[in-house]
**Q** 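Before I ask anything, let me first share the structure, which is written out below as structure tokens.
Values in this document were obtained by computation on a predicted structure and should not be read as measured data.
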Amino acid sequence: MEVDNSAEQALLVSGRPVMLDNCFVRDTQVLLHQPQFTDRTVSSSVSLKGSATAPVLVKSPVSSGVALLITSTEVLFTQDSFLTTEALIIPDDVLQSCSGEVQGAAFTASSLYVIACNSLCRMAQNGTWERVIVQGVSGGLVGLKARERHSRVGRAQVDDECLAVWTSTQLFVKSSSESSLELTSLPTTQLGASGYSNNTVPILDVSFPSDPEELGVLVQVLTAEGDNKVLPLLYDLSTTVWSLPEFTMQHSSAGNFSLLYLASAMPEALVWDPTNVTYSFSNGTGTLQVLKGNMTSNLVESIQEIIAGPNGDFVIHLTSNKLYYGRVDIENVVELSPGELPEAEVVLFFDVLGRLQLVNYDSTASLATVRLFPLQAEVYSSMYPVTSCPYHRFSHGIDVDGYYIDVGEELKIWAMILYPSGSYNNVEVLVRNGHLLQQNFSSEILPSSLYTTENMTLHFSSNVTFEMLQAENSGSSYGTTGIVTVEVRPKQTLYSCRGSVNMVTSISVGCPPNRHIRVRRPFGTEECSSYQNYIYTLSPDMYDPTYKGEGCQGCAGNSTEVTYDLDNLGCPIDVFYSDHFRPTVDLYDGDKFVREVTEDFFVWEAHGRTGYGYNATMQQAGCACEAQTLAAMLTAGNVSSPGDAWGPQNYQPCSTPCDPQGSLSGQHEVLSSSGVSALKFGSSKGIFVFHLKVLDPECSYCVLQTQFAVRVYGSPRESLDLYVYLAVLAFIVGTVIVLALTYYMYYKLMAGEHEKVLQEWTNK
């Protein structure tokens, strides 16, 4: 399986190579589609149709088999890559009996959004429709876009619910499933400072780059000289900061511009109107040219669509069904043979495996069929007789799903290129937001008589300090987390090179999903069903009246009953009353063990129970300065929860000298696996429910907190009774042993006498 997500899987079918009719049958991949939406019967509904003359294809980010085909007569919906289709319909009560003309549509990971009759409608995964209210909208909705490629890192990993909706001058962004569409102000101040008129900034199009935290917006600007230009802006979804690139495009008479970002570490984009395509690549900007001839040779031809693949390639589709193929950082494109008549209604899309699919729509039969387009063969044929490639083989070990790096972690990625000896090539690495990680790239060159091999190792590691992490946790503008986008590709390439020529992945610097901590439990505590619905009582003398937690406020004057939460706490850890107890904390990703937590943490009793303390003072713990305590942090923070009062955002280790030093006679409440401080319970017994929170920001970007329970057994009186029982048991065991030995000695003596008498009788 090479692709695995909620709605689609790729099955690799392989076997021994066999020859059939002089052709070799080799390994192939088959996409297995799963429905993303359930069917729902609508009694009274509105049939939809598109507003454009040419068909438009809208694809789901999590499955290339889920798509909408919007035509001038109907809107077809498929969940199996057009093996079957059905007409998309919306209930009457949602559209309120309008004509049902669709101005745009977009899929997210869990929803389908449609603009129809100037209304934004949403279909959930269970097939139900609702009308989405866009607060503050002025004028009619012009378009909407969602992420076209599924992202598995960063905030987008959670739900891929990012959505952009715009009018001619307003932009509304929905960044996650928990949020709503919020009006996002355009950077008019920045535009004015850059010499552009900021009175009115028309929005032309929106597109999502490879960075899952960014959004591209194409706007029309007016220079001080009165020239109209087109400018792509970048919006950071996590920091809400706009950036203005240097690339601009002169406004033409057509005025119908579109924006498309390609799969690349850098924000490499295409901007086009019906007759021209302008590129903004890392190696420069300009207008795309065709290797042979012109892209639009007559007045009836225009650009219908441009689609981007997952490997930095793209296809330009004209209304005459001519096709042109291009790649990132190559300033020209090659013409392909589409195999379709000019009057055929055709749209294209790349599936998750990077294969180009061609959808042919038959309006008379209301039928859409799909076929695999032999892209690599057509490109190779167009380049003939030029068949040479600057390298023989390019491979890598990149996970396209992306990576996560937490504090103190590192990542290694390898890439290899094999090229003819006597020529020059190498592995080129592009990194965006590289300041977030420490980077070290090393290459090993292995020359031979025919080929030269370069093996490159990319080493990424976290390079943050305690102060930087604390500033991050306290909400400072200094950022140590974010998305690092990495692209690996050959330095020199041509269209005659087969296979993917670049690979893009993302590294999320921050808290990995499902990372949490657990308190390690002794062996044999896995089964404790007796604690299911177990109820114990807290008497007034067992409760701290100054406690500010969530467990038992206001119950200091009387007893209260507490039901043990076995599902969340698990089995309690048994601790003898006179033993010192220090919990062992483990770090997990889901159910996968990562490491033992050696950093500092603290605990507090969930119900405000007293009767426990710490066995070491600050001086005994080696403090050079008076250590922080929970009571002091609650007072200073003026908050109700201990977990909010003390954490990585304000933790100060007591090993750092300070002036004045303060008192070191107090109990040291900070625990760690290598520290001397531990919990002690004295004469208390019963159930203690503790919260545990990691204090040291150098442990993780995650807020690591958990709960566990301790059952303290034994007491001075109970231990005395135990000694009596043990003494009585020892006396009984000793008596039995003495009796057994006496019987044995007696038996041995009598046996000897009997043998002597028998011998005497025998001699007579």
**Q** Going through the distances and angles, do Ile507 and Val486 end up as a side chain to side chain contact (heavy atoms under 4.5 Å, CB included)?
**A** CA-CA 8 Å; Ile507 305 173; Val486 181; 3.9 Å; yes
**Q** In the structure I gave you, are the side-chain heavy atoms of Cys121 and Val132 within less than 4.5 Å of one another anywhere?
**A**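 Counting from C-beta outward, Cys121 and Val132 never come under 4.5 Å.
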**Q** Determine the minimum heavy-atom distance between Pro61 and Arg147, stating which atoms define it.
**A**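 The answer is CB-O, 3.1 Å.
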**Q** Taking all atoms of both residues into account, what is the closest heavy-atom pair of Lys145 and Phe208, and its distance?
**A**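 In this case the closest contact between Lys145 and Phe208 is O-CE1, 3.7 Å.
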**Q** When you compare the side chain of Ser506 with that of Pro212, does any pair of heavy atoms fall below 4.5 Å?
**A**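 When only atoms from C-beta onward are counted, Ser506 and Pro212 do touch, with a gap below 4.5 Å.
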**Q** Do Asp329 side-chain atoms and Phe281 backbone N/O form a donor-acceptor pair below 3.5 Å?
**A**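 Looks like no, no N/O pair under 3.5 Å.
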**Q** Just checking, any donor-acceptor pair under 3.5 angstrom between side chains of Gln357 and Asp351?
**A**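 Yes, Asp351 and Gln357 have a side-chain donor paired with an acceptor closer than 3.5 Å.
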**Q** Within the 3.5 Å criterion, strictly below it, is a donor on Glu487 or Ser264 matched to an acceptor on the partner's side chain?
**A**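 The criterion, which ignores hydrogens and geometry beyond distance, is satisfied for Ser264 and Glu487.
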**Q** Taking the side chain as C-beta and beyond, is there a heavy-atom pair between Asn228 and Gln220 under 4.5 Å?
**A**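 Yes. Closest side-chain heavy atoms under 4.5 Å.
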**Q** Does the side chain to side chain contact (heavy atoms under 4.5 Å, CB included) test come out yes or no for Leu375 and Arg355, once each step is laid out?
**A** CA-CA 8 Å; Leu375 180 60; Arg355 304 178 303 185; over 6 Å; no
**Q** Rounded to the nearest 0.5 Å, how far apart are CD of Glu378 and OG of Ser337?
**A**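 Going from the CD atom of Glu378 to the OG atom of Ser337 covers 5.0 Å.
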**Q** Just one of Val56, Thr85, Leu68 clears the side-chain contact (heavy atoms from CB on, under 4.5 Å) bar with Val75, so which one?
**A**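 The single option meeting the side-chain contact (heavy atoms from CB on, under 4.5 Å) with Val75 is Leu68.
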**Q** Are Val509 and Tyr404 side-chain neighbours, meaning at least one heavy-atom pair lies under 4.5 Å?
**A**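 Val509 does not reach Tyr404 side chain to side chain.
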**Q** Taking atom types as modelled, is there a side-chain donor on Asp80 or Thr78 under 3.5 Å from an acceptor on the other?
**A**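 There is such a pair between these side chains.
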**Q** With a 3.5 Å distance limit and no angle check, can you tell me whether Gln170 reaches the backbone of Ser138 through a side-chain donor-acceptor pair?
**A**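 Pair found, side chain donor or acceptor close to backbone of Ser138.
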**Q** Give a yes or no on whether the backbone of Thr128 and the side-chain of Glu130 come within a donor-acceptor separation of less than 3.5 Å.
**A**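 Not confirmed, Glu130 side chain does not pair with Thr128 backbone.
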**Q** Short question: side chain of Ser60, backbone of Val62 - any donor-acceptor pair under 3.5 Å?
**A**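 Flag set: sc Ser60 to bb Val62 pair under 3.5 Å.
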**Q** Could you tell me which non-hydrogen atom of Ile330 sits nearest to which non-hydrogen atom of Leu288, and how far apart they are?
**A**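 For Ile330 versus Leu288, the nearest heavy atoms are O-CD2, 4.0 Å.
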**Q** How close do Phe107 and Val58 get, counting heavy atoms only, and between which atoms?
**A**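 Looking at all heavy atoms of both residues, the shortest contact is CE1-O, 3.4 Å.
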**Q** Check whether the side chains of Glu340 and Asn360 place a donor and an acceptor atom closer than 3.5 Å, and report yes or no.
**A**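 Note: Glu340 and Asn360 side chains meet the donor-acceptor criterion.
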**Q** Say you draw a straight line from OG of Ser51 to CD of Glu101; how long is it, rounded to the nearest 0.5 Å?
**A**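 Ser51 atom OG to Glu101 atom CD measures 5.0 Å (nearest 0.5 Å).
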**Q** When rounded to the nearest 0.5 angstrom, what distance separates CG in Leu186 from OG1 in Thr189?
**A**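 If I round to the nearest 0.5 Å, the distance is 11.0 Å.
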**Q** Nearest 0.5 Å, please: how far is CZ in Phe172 from OG in Ser180?
**A**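 That separation rounds to 11.0 Å.
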**Q** Run the side chain to side chain contact (heavy atoms under 4.5 Å, CB included) check on Gln289 and Thr287 step by step: do they pass?
**A** CA-CA 6 Å; Gln289 303 295 326; Thr287 302; 4.0 Å; yes
**Q** Determine whether Val206 and Leu171 make a side-chain contact, defined as any pair of heavy atoms from C-beta on separated by less than 4.5 Å.
**A**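 Sidechains of Leu171 and Val206: in contact.
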**Q** I need the single residue from Thr188, Leu233, Leu222, Leu231 that forms a side-chain contact (heavy atoms from CB on, under 4.5 Å) with Val201. Which is it?
**A**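 Result: among Thr188, Leu233, Leu222, Leu231, Thr188 is the only option passing the side-chain contact (heavy atoms from CB on, under 4.5 Å) with Val201.
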**Q** Quick one: does Ser238's side chain have a donor or acceptor within less than 3.5 Å of a partner on Glu213's backbone?
**A**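 Here the side-chain-to-backbone pair does not exist.
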**Q** Looking only at side chains, do Ser320 and Glu301 share a donor and an acceptor under 3.5 Å apart?
**A**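 Distance-only check passes for Ser320 and Glu301.
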**Q** How long is the span from the CG atom in Leu88 to the CG atom in Leu76, to the nearest 0.5 Å?
**A**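 Output value for this atom pair is 9.0 Å.
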**Q** Does a donor on one side chain and an acceptor on the other come within less than 3.5 Å for Thr184 and Glu182?
**A**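 No, Glu182 and Thr184 have no side-chain donor paired with an acceptor closer than 3.5 Å.
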**Q** Measure across Asn118 and Gly140 and return the closest heavy-atom pair with its distance rounded to 0.1 Å.
**A**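 Distance-wise, the nearest heavy atoms are OD1-CA, 3.1 Å.
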**Q** With side chains defined as the heavy atoms from C-beta onward, is the minimum distance between Phe314 and Leu270 less than 4.5 Å?
**A**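 Contact flag for Phe314/Leu270 side chains = yes.
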**Q** For Leu95, does its backbone N or O pair with a side-chain atom of Trp129 as donor and acceptor, under 3.5 Å?
**A**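 No, Trp129 side chain to Leu95 backbone: no donor-acceptor pair under 3.5 Å.
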**Q** Measure the spacing between NZ of Lys322 and CG of Leu336 and express it to the nearest 0.5 Å.
**A**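 Going from NZ on Lys322 over to CG on Leu336, the span is 12.5 Å.
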**Q** Quick one: does any side-chain atom of Asp273 pair with a main-chain N or O of Asn256 as donor and acceptor, under 3.5 Å?
**A**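 Judged by distance alone, no pair lies under 3.5 Å.
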**Q** Does any non-hydrogen side-chain atom of Phe77 lie less than 4.5 Å from one of Ile89?
**A**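 Not in contact.
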**Q** State plainly whether the residues Arg432 and Glu214 are in salt-bridge range, i.e. N to O under 4.0 Å.
**A**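 Counted as a salt bridge, because a side-chain N and a carboxylate O are separated by less than 4.0 Å.
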**Q** Flag the pair Ile303 / Leu318 as yes when at least one side-chain heavy-atom distance between them is below 4.5 Å, and no otherwise.
**A**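 Yes - at least one pair of side-chain heavy atoms lies under 4.5 Å apart.
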**Q** Applying side chain to side chain contact (heavy atoms under 4.5 Å, CB included), run through Leu237 and Val173 and close with a yes or a no.
**A** CA-CA 9 Å; Leu237 296 169; Val173 176; 3.8 Å; yes
**Q** I need the minimum non-hydrogen distance between Val370 and Phe349, along with the two atoms involved.
**A**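 Looks like CG2-CE2, 4.2 Å.
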**Q** Evaluate the criterion side-chain hydrogen bond (donor to acceptor under 3.5 Å, both in side chains) for residue pair Thr73 and Tyr361; output intermediate values, then yes/no.
**A** CA-CA 11 Å; Thr73 57; Tyr361 174 67; 3.3 Å; yes
**Q** Is there a donor-acceptor pair under 3.5 Å between the side chain of Asn321 and the backbone N or O of Leu341?
**A**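 Yes, Asn321 side chain to Leu341 backbone: donor-acceptor pair under 3.5 Å.
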